[in-house]
Amino acid sequence: MKIVHTIAELRQHLHDFRKPAFVPSMGNLHDGHLALVRQARPLGDITLASIFVNRLQFAPHEDFDTYPRTFEADCAKLADAGCDLVFAPNEKEMYPEPQGYKVHPPAELADLLEGHFRPGFFIGVSTVVMKLFSCVFGATPGGVALFGKKDYQQLMVIRHMVRQFVLPIDIVAGETQRAPDGLALSSRNGYLSATERQEAVQLSITLKALAGEALASSNLPADREALEERAQLTLARRGWRPDYLTVRRRSDLQPPDAADVAPGKLVVLGAAKIGGTRLIDNLEI
Ligand code: PAF
């Protein structure tokens, strides 16, 4: 596995390939990332991953400085999963001058849920992903990029961006990987104390219960808010600080109408803090 740190080296290396399969990451890799790398392998003629902790997507009070940097371990895992190339730029390489041009996703997609609780987050994500796409696919006719469904809204924002800018990139979704107890794998799980780790699975348990109640409701548009409030209260009573637990339409993450209450059309999404750690999860229903 080759490791490159500059855009010039990356492009030089990709010059002879026609269809890279690309897994962007911020490092501190877990089995969710590695599953994406394994999924990527048959989709392109070279499999590459990036490791870059993107300051633009962190608010000043968030964990940019403490975000775990585990470069050597990450590279060993990537090599094991069959990755051919790692692009690991430093901040100076990615942002040699302040990033004045930014991608602003439309408010109706990016200012709700995660975007509501993390203002500017999707501007930071879209901007770095656009830039990473330019670094990677600028050297080839196009390719494939893979994103995990755990970051459901991020996946939607990226798909939308690729469609609107007509980028020659197929966006492929990877299923959420879970620990044996059901907790969605996330780099931030590493922040949890042993007791918090035991409790953490309650987020997916509560989302599952909310999904069941949503499907059982004979009038979901009318019942939805009460069901969501109850789910949030369930977690709050256990000591969580929920940001949202909600039932949405998969197509645009808006509250569902009666016509959306059908198999394959809904998703429940949640974000909540346990101790100092904010976790997110979702379930397609
Ligand atoms: O999901 C992530 O790890 C990040 O948001 C991404 C897509 C690598 C952009 O920094």
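Counting starts at 1 for both ligands and their atoms, following the listed order.
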Task: Parallel, tilted or perpendicular, as decided by the 30° and 60° cut-offs, for the rings of F17 and H13 - done: parallel
Open item on the list: Starting from atom 9 (C) of ligand 1, what is the nearest protein heavy atom, named by residue and atom, and what distance separates them?
Closed with: Q57 OE1, 3.3 Å
TODO: Taking only heavy atoms of V128 into account, list the atoms of ligand 1 that are under 4.0 Å away from them.
DONE: 9 (C), 10 (O)
TODO: Check S25 against ligand 1 and report side chain, backbone, both or neither, counting heavy atoms closer than 4.0 Å.
DONE: backbone
TODO: Have a look at Q154, K131, H33, R55 and point out the one with the heavy atom closest to atom 2 (C) of ligand 1.
DONE: Q154
Open item on the list: I'd like to know if D260 and R248 make a salt bridge, using a cut-off of under 4.0 Å between side-chain N and carboxylate O.
Closed with: no
TODO: For residues F121 and Q57, report the shortest heavy-atom separation together with the two atoms involved.
DONE: CD1-O, 3.3 Å
TODO: Give a yes or no on whether L10 and V86 share a hydrophobic cluster (residues Ile, Leu, Val, Met, Phe, Trp, Tyr; joining criterion: side-chain heavy atoms under 4.5 Å apart).
DONE: no
